[in-house]
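Atoms within a ligand are numbered from 1 in the order they appear, just like the ligands themselves. Keep in mind the model is a prediction, meaning the values are calculated, not measured.
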Amino acid sequence: MFVVATAGHVDHGKSTVVRALTGMEPDRWAEERRRGMTIDLGFAWTTLPSGGTVAFVDVPGHERFVPNMLAGVGPVPAALIVVAADEGWMPQSAEHLAALDALGVAYGLLVVTRADLADPGPATARARAEIAATSLGAVPAVAVSGLTGAGLPELRAALDRLAAQLPAPAVDDPVRLWVDRSFTVRGSGTVVTGTLGAGRLRVGDELELAGADEPVRVRGLHSLGEARSEAAAVARVAVNLRGTPRDRLGRGDALLTPGRFHHTDLVDVRLAGDPAADLPATLTLHVGSAAVPVRVRPLGPDTVRLRLAHPLPLLVGDRALLRDPGRHHVSGGVRVLDVAPPPLARRGAAAARAQVLAELDGRPDLAGELRRRRLIRAGALIRMGVPVHGEPGRDRPACAEPVAGDWLADPAYWRRLGEQVTEEVARYAREHPLQPGMPVDALRQRLALPDRVLVEALVRPPLRIHSGRVGAAGADALPEPVAQAVQRVRAEYGDRPFRAPEAGRLVDLGLGPREIGAAVRAGALLRLADNVVLLPDALDDAVRVLAGLPQPFTLSAARQALDTTRRVAVPLLELLDRRGATRRLPDDARIVVT
Ligand SMILES: Nc1nc2c(ncn2[C@@H]2O[C@H](COP(=O)(O)OP(=O)(O)OP(=O)(O)O)[C@@H](O)[C@H]2O)c(=O)[nH]1
Ligand SMILES: [Mg+2]
C-alpha cells in the first residue's frame, strides 16, 4: 500500500477525482455533501492496475480549513496536486504547495481536473513551473475530467509509476502514529486512525501515549476496512484501543513505541529556504497531525528556538512547518536540530548557541552529540532520534561503546575525567590524612557525575575502591602517622598483649580519638571501650589462655591468667561473650565455648 494526500485550491476537483478513482465517498460528513465542500479529511482507497493499493487522504481546499489539510499531509510522503483547468493556479494552490515544500514532500503528481471545461495546457504549464521550484521538483502531469472520466486510466498508470518510485518503508523503525481522527465504536470503544509511516503494529502491542502514565494496548486493528492482526508501514490504519477513553486522545496525539521518543516542548530548528527576517514572535508549529502554538526566539541567521505550548514526541531531523494562522501564511519549513537543547541563561549564551547550531544539519550524529553533551545515556540519545550504534554499514565508532552501564561519553571528556580522579583523590588524601581514601560519593559530587557507576568505571590501578572509598591500592592500610603509632604500641605491648595503654600513654604514643578511629577502621587496633585498645590478635590469644583454665572460671581468675586489670578484663570478656567465644553462667562464672 502507499498513501497519497491531495492538495489544491477549493473546488478544483480533489474529492471528485478521488471518488472517480476509488468509487468511495471521501466527504464523510452530511454537511460536506450538502455544501459540496470538503471540511475535514476524507479517506478512500483502490487497487491499481499493477495490483498494488493506493490509499488517499483527501484534504479540504478552503483557506479556513488549512489546519485540517496540514494534519492530513503531515505524515504522508506523497501528494496529488490538483489544479482546475478552468481556474488555474489560485491562492490555496500556492499555500498547499508551500506547505508540501516546507515539509519536504518529494514525491507527487500534478492532476489538472475539469479538463472538459477548459484547455488544460495553460494551467498545466503554470502549475508545473510552480511545483518545479519546490521539494517536489519536476512531476508528471495528467489531465482528467471527473465528468467524462477522460484521463483516469492515465492517472491510474501514473499512480502506479509513482508508487514504484517511493522509498521502501522503514518497517523496523519505531512507531509514531500521528492520530488524525478518533471516534467511538459501540461495543469496541475508542478507535483512532492515522497514516503509519514507519514500523509495524500488532494486535496486543503496548504503545505510549504522550501525557498518559499508563501504556495503551492495541485491542484491534483495521486497515482499508478489514480487520488485521498486523499492519506494516506504509499503511492507513484504524487502531482500537483497550480501556482508553475517547476524550483522552484526538488529532495531533501520537501513539508511540514505548521508550523510543523524547517528549519535548523546547527545540532548536533550522528554517528552510530564505527565512523572513521578520518572523512573528508567535506562530503555529505543524508536525505530523499536530498543530501547536510556539514562541519563536531567533538565534542565528536561519536558526531559532521554539517553545511549544505543549510537548510533542520530536526527533532530530524531523521536518515541520511554521504557519501564521492570522495571516493565512505558511512561514516556512523547519528542520529539527536539537530536541533537548541547553537553557540559554548566561549572557552571550544565545550567540554561542547560534554558532553551535550553524554546524548542525539535522542529521543525527553520535560523535557530535557526545562532544556537545559529554555524557549521556544511550537510551536518552535513542529517544532523540540519534542511533547509538553508528551508521548502518559503517564501522561502529569507539564512542558507541558504553563507558559504564548504558552511559556513553565523549572520549576526550572521559580522558579528562580519568585525570581528574587521580587529582581529586590525591588532594583528598592530603586534606584527610587519617581517612582510608575518598568516599566514592564525595568523588562523584566533586566530578559532577550523575551516576556512581561512572566513578567506579573511572577508578583505575593504582587506585582502587575499597569499602566505598577510593584510594591507592593498599591504602586501606593505615595513614602513615597512625601506622607509626600502632607500631609503637606493638613494640611496647607486644609481650604483654592484655595490658592496654592508659589514656595518657595513648596520647604520648600519638593516638588521639581520630587516630584510634582510623586504626580501628583499618583493623590495626581493637577497641574494647573508650580509650581501651588492644592489638587485634589479642582476642585469639585470650581465648587460648582462658581455655587453659579450669572451667568454669571467674573474672578474677581470668584477670590473673591474662595478667591484666579489671579495666581490660571486664570489656574483653563481654566482647568474647558477644562473639560467642565464652559463655556467662548464672553465677557470673564463665566457660570457653568449644
Ligand atoms: N465539469 C467538471 N466538473 C467538475 C470536475 N471535477 C469536479 N467538478 C465539480 O467541481 C466542484 C468541486 O469539486 P470537488 O471535487 O468537491 O472539489 P474539491 O477540490 O474537493 O473541493 P474542496 O474539497 O472543497 O476543496 C463540484 O461541483 C464538482 O462536481 C470535472 O472534471 N469536470
Ligand atoms: Mg473536496
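The shortest heavy-atom contact between Pro387 and Pro364 is CD-CB, 3.7 Å. Of all the heavy atoms in His12 and Ser93, the pair that sits closest is CE1-OG, 4.3 Å. Heavy-atom minimum distance, Lys14 versus Gly61: NZ-CA, 3.5 Å. For the pair Glu208 and Gly259, the tightest heavy-atom approach, listed with the atom from each and the gap, is OE1-N, 2.8 Å. Contact between Leu241 and Val216 at its shortest, heavy atoms only, is CD2-CG2, 4.0 Å. Nearest heavy-atom pair across Ala350 and Leu299 is CB-CD2, 3.9 Å.
Taking only nitrogen or oxygen atoms, main chain and side chain alike, Gly61 reaches within less than 3.5 Å of ligand 1. Remark: ligand 1 and Thr113 share no N or O pair separated by less than 3.5 Å (distance only, no angle test). Every N/O-N/O distance between Asp58 and ligand 1 stays at or above 3.5 Å. For ligand 1, the polar-atom distance check against Ala115 finds no nitrogen or oxygen pair separated by under 3.5 Å. Considering backbone and side-chain N/O of Gly13, one or more are found under 3.5 Å from N/O of ligand 1.
Of all protein heavy atoms, the one lying nearest to atom 18 (P) of ligand 1 is Lys14 N, 3.5 Å. For atom 23 (O) of ligand 1, the closest non-hydrogen atom on the protein side is Thr38 OG1, 2.6 Å. At the shortest separation from atom 16 (O) of ligand 1 among protein heavy atoms lies Gly36 O, 3.9 Å. The shortest contact between atom 10 (O) of ligand 1 and any protein heavy atom is with Arg114 NH1, 2.9 Å.
The residue among Ala7, Gly146, Gly151 with a heavy atom at the shortest distance from atom 31 (O) of ligand 1 is Gly146. The residue among Ile39, Asp11, Val10, Asp27 with a heavy atom at the shortest distance from atom 12 (C) of ligand 1 is Asp11.
Ligand 1 places these atoms under 4.0 Å from at least one heavy atom of Thr16: 6 (N), 7 (C), 13 (O), 14 (P), 15 (O), 28 (C). Near Leu117, the atoms of ligand 1 lying under 4.0 angstrom from a non-hydrogen atom of the residue are 1 (N). If you number the atoms of ligand 1 from 1 as listed, the ones under 4.0 Å from a heavy atom of Ser15 come out as 15 (O), 18 (P), 20 (O), 23 (O). Listed by number with element, the atoms of ligand 1 under 4.0 Å from a non-hydrogen atom of Asp116 are 1 (N), 2 (C), 30 (C), 31 (O), 32 (N). Using a 4.0 Å cut-off to heavy atoms of Met37, the atoms of ligand 1 that qualify are 24 (O).
Panel note: side chain Thr284, backbone Ala291; no donor-acceptor pair is recorded below 3.5 Å.
Note: angle at the Mg ion (ligand 2), from OG1 of Thr38 to OG of Ser15, is 90° (rounded to 10 degrees).
For Ser145 and Asp116, the side-chain atoms include at least one donor-acceptor pair closer than 3.5 Å. Using a 3.5 Å distance cut-off with no hydrogens or angles, the side chains of Asp180 and Ser289 do not pair a donor with an acceptor.
Looking only at side-chain heavy atoms (C-beta outward), Leu308 and Thr264 stay at 4.5 Å or farther from each other. A 4.5 Å side-chain heavy-atom check between Glu95 and Val66 finds at least one atom pair inside the cut-off. Looking at heavy atoms from C-beta onward, Leu322 lies in side-chain contact with Val294 at the 4.5 angstrom threshold.
Neither the backbone nor the side chain of Val17 has a heavy atom within less than 4.0 Å of ligand 1.
Distances from atom 2 (C) of ligand 1 to the protein include at least one heavy-atom value under 4.0 Å. The protein does not reach atom 27 (O) of ligand 1 closely, with no heavy atom under 4.0 angstrom from it.
Ligand 1 is approached by Ser145 to a heavy-atom distance shorter than 4.0 Å.
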### Task
For the pair Arg35 and Asp27, evaluate salt bridge (Lys or Arg N to Asp or Glu O under 4.0 Å) and give the outcome as yes or no after the intermediate values.
CA-CA 10 Å; Arg35 292 168 66 181; Asp27 285 334; over 6 Å; no
